[in-house]
Protein chains: 4
Amino acid sequence: MSPRTSQQYEQIRAKSKKKIFQAAVELFSSQGYHVVSVSQIADKAGVAKGLIYNYFESKDAILQEIIHQVSSEMIGFMSAMEDEKEPKKRLETLIRSTFKLLKEKKDFYSLIMPLLSQPSFSKEVKQSLASFIKVIVQDMEVSLSNLNVQYPRIEALTIGAMIDGIAWHYLLIYKEKYPLDEMELKVIAYIRQLP
Amino acid sequence: MSPRTSQQYEQIRAKSKKKIFQAAVELFSSQGYHVVSVSQIADKAGVAKGLIYNYFESKDAILQEIIHQVSSEMIGFMSAMEDEKEPKKRLETLIRSTFKLLKEKKDFYSLIMPLLSQPSFSKEVKQSLASFIKVIVQDMEVSLSNLNVQYPRIEALTIGAMIDGIAWHYLLIYKEKYPLDEMELKVIAYIRQLP
Amino acid sequence: MSPRTSQQYEQIRAKSKKKIFQAAVELFSSQGYHVVSVSQIADKAGVAKGLIYNYFESKDAILQEIIHQVSSEMIGFMSAMEDEKEPKKRLETLIRSTFKLLKEKKDFYSLIMPLLSQPSFSKEVKQSLASFIKVIVQDMEVSLSNLNVQYPRIEALTIGAMIDGIAWHYLLIYKEKYPLDEMELKVIAYIRQLP
Amino acid sequence: MSPRTSQQYEQIRAKSKKKIFQAAVELFSSQGYHVVSVSQIADKAGVAKGLIYNYFESKDAILQEIIHQVSSEMIGFMSAMEDEKEPKKRLETLIRSTFKLLKEKKDFYSLIMPLLSQPSFSKEVKQSLASFIKVIVQDMEVSLSNLNVQYPRIEALTIGAMIDGIAWHYLLIYKEKYPLDEMELKVIAYIRQLP
DNA sequence: GATGAATGAGTCTTCATTCAT
DNA sequence: CATGAATGAAGACTCATTCAT
């Protein structure tokens, strides 16, 4: 019964929090934020309801934190293209990264898309996610500029729309039946034919 | 005094129902279904809470009816291309109709997109909307087939993704700042360069 | 379009009120007072909801009036024995009348029994019905006294309990399967064997 | 501090549930199920409204549970006669048990009688209570058969009607003024004079 | 006399959050 | 750190009653 060291405590804390976080991600993404109750999260996480409030200020705070992490992960994923200077390669890398993200982090995507559209969420969160998209589009715009495409902004927005449209159709309309790989190739082909 | 004629009652009913319906559309689309309370709808419509239940079975039923109307309107809009047999013209008409719809029924669209993504909504509703998209894509596939495009399905899905991606970016990310008209032209240009 | 005479109005009034009254009796007795709504009564009566309030102060008032009528009818039925002075005959007549009432006014009885037990009803009403029973029992007590039965009050209460117990079993437990006629004979036989 | 042991929780739960249960019994039996609101129960029990739903699925479920307990207690009480084989003794035991039940569990009885008559209650519940009565009557019928009574069924129904009639008069008509003990003796005397 | 749209107080129920242990 | 009983505000919905016509 020796008292735990503060390091041990730290580990316990981290573990519990993780469990709650995971449970929340799964439930929110599969059922939607409003429909999921704190009790459900606790059940799924296998902890007592009250414990959740040791780690998160509120139900809303859980969501905030999830979104925060999503943003970080997205940025991390995207950093793959950081070093790529050659415009076409850069575009291609960006697209491949996005599709990779889409496949590997399907859960997060499914969670984020509805949230972005849910009009009642904290402006900041939505803006941070929206601005993420904007940054990507802007990056593409620069690449396209360098390629001397005539209307680089329109072209960038088009490619962006294609990608997000594909994600949308994949996650919400066609699901398993969507030819995601072929679509990826199609987008790659599209940018390859650019001047 | 004698009671009102049944015609008068009909009018009164229609008017009240409309008020409630309108209020619900505005609130749902600007704040999201779950966040809006029946009391809010009543307040906005300027009627007593109870009256809502004279016209709608439940809060959910209001949504159903809204969606039903959206579906009808979509189908109506799309019928513009019914007579167009020439493949390229048909594709073009379809695209123009969609953009028109997007501009004129912005409210409805903003309401529908989140709903489609909200995982917890009645399957029927989501399926009916999803199948609407599928039908459009299939129609495009036929046109593209007739044009002897190599992979008509992939091409159809690409155009579909572009359109929905544009809608998504317009309604949820860029809003007023989105160059919707230029994007429309871009999509038209895209199909024109097809074989 | 000659104006109706006041007599005609009187008839119309009486007719409408009767319709409402009947509908209420049937619904209350088959479903219970609290469960039946004013709208249901209006529907069943084939009149507008509002009309009910032309004839009755409130939902409760309808019930009061029904009960009032039941009381009157009971008293009327019982008057059959008024002239019968001979004790045994008098008792027998009373029993026969009760069973007749039970058979012919089953609806009313079914309505009254629950109400009597429902603790929350207007004291007056309940007391008036309770006192009806008490009066009957007292009448029997007198007859039994005249027959020199040893404990006329206990005997009267016993016969009263038998009758009401039979009614209770018939209406609420066994229903159609209850041998009501045999039970009537049994009660008659019981009093016949008294001294 | 460490959390309570699960045993402690069990006790707390049992205690709270009991408080709610008790409050419901008293209110339902004194005012009637429909008239009592969940808030009233909570107030009387001295708990928050919401807590009730930690222990009962719904208002209706409270009633179900009460009735379930009544049934159990009735069966328990009646088991006194299990071993009694001699017909007259068996009948007598049964009657004494019933009167004992009537005196000791007056509250429950007052609650049950109205419910049985209330037409709108769950069939199961009513049938289970009705069948309880039927079982008792049948048991008496067997005993009476063994006594070679001429019409054992009619006789059994008569005794049953007497008992329930007495209960009815006692609980709902005469209350404190009812000579319950004398009536008990009277019923006993009645069966003693059987062949 | 008759209609039925409209009202709003009141009902049951849910659930995020607190807190004693 | 962890538990889950308890709270109460808020939500969807019902229904007796009113009232303009």
Side-chain angles (χ1 to χ4, degrees), chain A residues 3-4 8-10 12-13 15-16 34 36-42 47-60 62, chain B residues 1-6 8-13 15-17 34 36-42 46-60, chain C residues 4 8-10 12-13 15-17 34 36-42 47-60 62, chain D residues 1-6 8-13 15-17 34 36-42 46-60:
Chain A
R4 279 172 271 217
Q8 280 174 314
Y9 272 123
E10 198 53 47
I12 293 173
R13 282 191 66 82
K15 205 168 152 191
S16 288
H34 286 111
V36 172
S37 73
V38 173
S39 298
Q40 274 177 70
I41 299 173
V47 301
K49 219 188 325 184
L51 190 62
I52 290 179
Y53 291 86
N54 277 7
Y55 298 105
F56 301 92
E57 285 261 301
S58 65
K59 184 187 173 187
D60 202 79
I62 305 177
Chain B
M1 336 251 169
S2 8
R4 295 184 186 80
T5 65
S6 63
Q8 282 173 310
Y9 277 127
E10 198 55 48
Q11 279 176 4
I12 293 173
R13 285 187 66 80
K15 205 169 153 191
S16 287
K17 183 164 186 180
H34 284 113
V36 172
S37 74
V38 172
S39 298
Q40 275 177 68
I41 299 174
V47 301
K49 216 186 329 175
L51 191 62
I52 291 179
Y53 293 87
N54 273 6
Y55 298 103
F56 300 92
E57 288 255 301
S58 63
K59 185 185 171 189
D60 200 80
Chain C
R4 279 175 268 219
Q8 281 175 312
Y9 272 123
E10 199 52 47
I12 292 174
R13 283 190 66 80
K15 207 168 151 191
S16 288
K17 184 163 185 179
H34 286 110
V36 172
S37 72
V38 173
S39 298
Q40 274 177 72
I41 298 173
V47 302
K49 218 189 322 184
L51 190 62
I52 291 179
Y53 291 85
N54 277 7
Y55 298 105
F56 300 92
E57 285 260 303
S58 64
K59 184 186 173 188
D60 201 80
I62 304 177
Chain D
M1 335 252 169
S2 8
R4 295 184 186 79
T5 65
S6 61
Q8 281 174 310
Y9 278 126
E10 199 54 47
Q11 278 177 2
I12 292 173
R13 286 187 66 80
K15 204 169 154 191
S16 288
K17 183 164 187 180
H34 285 113
V36 172
S37 75
V38 173
S39 298
Q40 275 177 67
I41 299 174
V47 301
K49 216 185 328 174
L51 190 63
I52 291 178
Y53 292 87
N54 272 6
Y55 298 102
F56 300 92
E57 289 254 304
S58 63
K59 185 185 170 188
D60 199 80

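Looking at heavy-atom distances under 4.0 Å, B:Tyr55 makes contact with sugar-phosphate atoms alone, never a base. Using a 4.0 Å heavy-atom cutoff across all strands shown, D:Ser6 reaches no nucleic acid atom at all.
The 5' end of DNA chain E is approached more closely, in terms of each residue's nearest nucleotide, by B:Gly46 than by the other of B:Gly46 and D:Gln8. Along DNA chain E, the nucleotide nearest B:Arg4 and the nucleotide nearest B:Ala48 are compared for position; the residue whose nucleotide lies closer to the 5' end is B:Arg4.
The phosphate of E:dG1 has OP1 or OP2 within less than 4.0 Å of a side-chain N or O from C:Arg13.
Summarising the geometry, the separation between CD1 on B:Ile12 and P on F:dT21 is reported as 9 Å, rounded to the nearest angstrom. Residue D:Ile52 contributes atom CD1, which lies 9 Å from atom P of E:dC12 at whole-angstrom precision. If you measure from atom CD1 of B:Ile41 to atom P of F:dG11, you get 12 Å, rounded to the nearest angstrom. Put simply, NZ on B:Lys15 is 12 Å from P on F:dT21, counting in whole angstrom units. In this entry the distance linking CD of C:Glu10 with P of E:dG1 reads 9 Å, nearest Å. Distance B:Tyr9 OH to E:dA6 C1': 11 Å, rounded to the nearest Å.
Closest approach of C:Ala42 and C:Ala48 over heavy atoms only: CB-C, 4.1 Å. Across all their heavy atoms, B:Ser16 and B:Tyr55 have their closest contact at CB-OH, 3.6 Å. The shortest heavy-atom contact between B:Lys49 and B:Ser39 is CD-OG, 3.5 Å.
Take C:Lys59 and apply the side-chain hydrogen bond (donor to acceptor under 3.5 Å, both in side chains) test, not counting sequence neighbours, and it matches no residue. For B:Ser6, there are no side-chain contact (heavy atoms from CB on, under 4.5 Å) partners two or more places apart in sequence or in a different chain. Residues that satisfy the side-chain contact (heavy atoms from CB on, under 4.5 Å) test with A:Gln40, not counting sequence neighbours, are A:Leu27, A:Gln31, A:Val36, A:Ser37. In this structure, the side-chain contact (heavy atoms from CB on, under 4.5 Å) partners of B:Arg4, at least two apart in sequence or on a different chain, are B:Gln8, B:Tyr9, B:Ile12.
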For DNA chain F, please output the secondary structure as dot-bracket, reading 5' to 3'. Pairs are Watson-Crick or G-U wobble, both atom distances under 3.5 Å; mark crossing pairs with [ ], other-strand partners with |, unpaired with a dot.
.||||||||||||||||||||
Step-by-step side-chain contact (heavy atoms from CB on, under 4.5 Å) determination, A:Ile62 to A:Ile52
CA-CA 9 Å; A:Ile62 305 177; A:Ile52 290 179; 3.9 Å; yes
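One distance of note links CG of B:Leu51 with NZ of B:Lys17; it measures 11.5 Å at 0.5 Å rounding.
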Check: protein-nucleotides 14-18 of chain E nitrogen or oxygen pairs below 3.5 Å:
unit_1	atom_1	unit_2	atom_2	d
E:dA16	OP1	A:Lys59	NZ	3.2
E:dA16	OP2	A:Val38	N	2.7
E:dT17	OP2	A:Tyr53	OH	3.0
E:dT17	OP2	A:Lys59	N	2.9
E:dT17	O4	A:Lys49	NZ	3.4

